[in-house]
Amino acid sequence: MNGFPAVDPIPLPAPVWLFKGLHILTLGLHFVTVEMLLGGLLVAIFLNLLAQTRQGRSNGADPANAAAALARRLPVVMTFVINLGVPPLLFAQVLYGRAIYTSSVLIGVYWIGVVFLLMACYWLLYRFSARAAEGRSGWWLGLGALVLAGVIARIYSTNMTLMLRPEVWNAMYSASGGGLHLPPADPTLTPRWLFMLLGGLSFAGLWMIWLSGGKNMHGSLQTYLVTKGGLLAAVMAVPQVLLANWVVKTQAASVQTALAGHAVYSVAAYVWIGAYGLVLLIGLWALVGKPKSILPGALSLATAVVAMLAMTIYRDGLRDLTLLGKGYDVWQRTVVTNWSVVVIFLVVLVIGLVAIGWLISVMMRAKPVSEKVV
Ligand code: HEM
């Protein structure tokens, strides 16, 4: 008896590798946007607050304008957080249903609560964004949104770690089936949550570098964004690597050994570390060189996506190897591929991607609005 509920008699309608590939791709992109949201919000709150102080005003209008540039984009980022969160949720349920459904039911009240927390967070984000875009103070609204986003992240981390602990499920359910019990202490939870929260700061720095290369960025605001973004990215790159080390070190020794001995996950780890080395270098370049082209922004974007995809592959290995040690092998699922449905799915996916590409190209060609709010 390994604690996992009985196997779902319905076989998988497509190969495991296809679900896994799509899961990692969409989850990696979800994580990019989550980091932009968490980090961008924190920086926008800080700059909005700074703009009200005497020290901030000594920098002219730059803190207020930089806060507005970030804040007015945050509701859009949130739409991507949500829309890029739904596909991996579906793929995770298909691949790990017996684990993730169980953990979701055990913390059911908190899990369902995410919907309401998300609505409140979104509302506060709109309020903060509107005030910042008018050059007004609204940091407390942003702070409310940030706290709620942090709680949502905590609930996600709680569920994603609880799904790896079949040994505690029975006792939790016996104690209460009401969905209000949180899992017993887990040393992996807090490092994992902090890794995602703090990761936002280096991503916010990269995002500011990206924004500085926009058509409508000129003069002191452009310099402010590129140098402050560079500083943030460079300063936060090293703690992020140390945090990653903490996340790994809190895993069971057998999982650490299995991860280190697996070629794919080892390569993913090195790619991630290499990407963070690049984050440091891009940050320093932006800080010292104050470049005015789109190049540092483009490099920042590419590095952020590569880092997140590598992290997501490693994280996937962490989950698979932990579950394997407890008797759940994700690759041993019964698969009866329904190729006609798979082909239709892939065709629709390509059409969707082309449509999104076209929408982005329209957006890039649109007449830029002024970034100056004060
Ligand atoms: C403010 C909104 C959100 C924040 C801050 C957030 C944050 C996070 C974080 C921190 C994790 C990683 C947890 C861990 O492994 O330790 C995560 C995972 C995840 N999130 Fe989000 N999330 C948000 C909204 C959403 C929404 C709306 C959805 C879907 C409807 C979603 C879907 C997922 C999925 C599916 C995973 C993990 C999947 C897996 O491990 O296979 N997220 N999210």
Side-chain angles (χ1 to χ4, degrees), residues 16 19-42 74-101 103-104 107 110-126 128 142 144-165 183 186-201 203-204 240 243-244 246-248 250-251 308-309 311-320 322-323 328 330:
V16 173
F19 281 122
K20 259 197 175 292
L22 290 167
H23 178 252
I24 288 171
L25 179 67
T26 51
L27 186 58
L29 295 177
H30 172 65
F31 285 153
V32 171
T33 54
V34 165
E35 297 294 42
M36 286 171 73
L37 177 77
L38 293 171
L41 184 52
L42 183 56
L74 285 172
V76 179
V77 171
M78 181 61 121
T79 61
F80 282 97
V81 167
I82 298 170
N83 284 295
L84 288 166
V86 176
L89 188 58
L90 302 179
F91 294 129
Q93 286 167 357
V94 168
L95 290 170
Y96 306 98
R98 290 157 67 206
I100 200 172
Y101 282 133
S103 56
S104 304
I107 56 161
Y110 304 97
W111 190 237
I112 292 287
V114 165
V115 176
F116 303 98
L117 292 170
L118 197 60
M119 284 195 278
C121 176
Y122 217 161
W123 178 74
L124 285 168
L125 211 55
Y126 267 115
F128 171 54
L146 183 66
V147 169
L148 293 181
V151 173
I152 294 171
R154 182 78 184 187
I155 296 173
Y156 270 100
S157 292
T158 303
N159 199 4
M160 298 310 144
T161 47
L162 180 58
M163 70 174 279
L164 306 179
R165 300 172 76 200
D186 177 351
T188 68
L189 173 59
T190 296
R192 197 166 159 152
W193 176 61
L194 286 179
F195 175 82
M196 291 301 290
L197 288 194
L198 282 190
L201 285 174
F203 269 62
Q240 193 60 15
L243 255 175
W246 187 27
V247 173
V248 176
T250 51
Q251 303 300 320
M308 264 313 164
L309 288 177
M311 188 283 271
T312 311
I313 291 173
Y314 190 83
R315 180 182 174 281
D316 193 57
L318 195 156
R319 168 160 52 201
D320 282 2
T322 307
L323 286 176
Y328 186 103
V330 68

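Note that ligands are numbered from 1 as they come in the structure, with each ligand's atoms numbered from 1 the same way. The shown structure was predicted, so the numbers you read here are calculated from the model rather than taken from an experiment.
- Residues Y156 and W111 bring their aromatic ring centres within 6.0 Å.
- The stretch residues 29-38 participates, sequence neighbours left out, in no salt bridge (charged side-chain N to carboxylate O under 4.0 Å, His left out) pair at all.
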For ligand 1, find each of its N or O atoms that sits under 3.5 Å from a protein N or O atom, and tabulate the pairs with distances to one decimal place.
| unit_1 | atom_1 | unit_2 | atom_2 | d |
| --- | --- | --- | --- | --- |
| ligand 1 | 15 (O) | R192 | NE | 3.2 |
| ligand 1 | 15 (O) | R192 | NH2 | 2.9 |
| ligand 1 | 15 (O) | R315 | NE | 3.2 |
| ligand 1 | 15 (O) | R315 | NH2 | 2.5 |
| ligand 1 | 16 (O) | S157 | OG | 2.8 |
| ligand 1 | 16 (O) | R192 | NE | 2.9 |
| ligand 1 | 20 (N) | H30 | NE2 | 3.0 |
| ligand 1 | 22 (N) | H30 | NE2 | 3.4 |
| ligand 1 | 40 (O) | R315 | NH1 | 3.0 |
| ligand 1 | 40 (O) | R315 | NH2 | 2.9 |
| ligand 1 | 40 (O) | R319 | NH1 | 3.0 |
| ligand 1 | 40 (O) | R319 | NH2 | 3.3 |
| ligand 1 | 41 (O) | H23 | NE2 | 2.7 |
| ligand 1 | 41 (O) | R319 | NH1 | 3.3 |
| ligand 1 | 41 (O) | R319 | NH2 | 2.8 |
| ligand 1 | 42 (N) | H30 | NE2 | 3.1 |
| ligand 1 | 42 (N) | Y156 | OH | 3.3 |
| ligand 1 | 43 (N) | H30 | NE2 | 3.3 |

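- For Y328 against G97, the heavy-atom pair with the smallest separation is OH-N, 4.1 Å.
- Residue pairs meeting the side-chain hydrogen bond (donor to acceptor under 3.5 Å, both in side chains) criterion with at least one member in residues 146-155, sequence neighbours excluded: R154-T190.
- Scored by the salt bridge (Lys or Arg N to Asp or Glu O under 4.0 Å) test, R315 finds no partners at all (sequence neighbours excluded).
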Problem set entry | Steps toward side-chain contact (heavy atoms from CB on, under 4.5 Å) verdict (K20, D320) | CA-CA 11 Å; K20 259 197 175 292; D320 282 2; 2.8 Å; yes
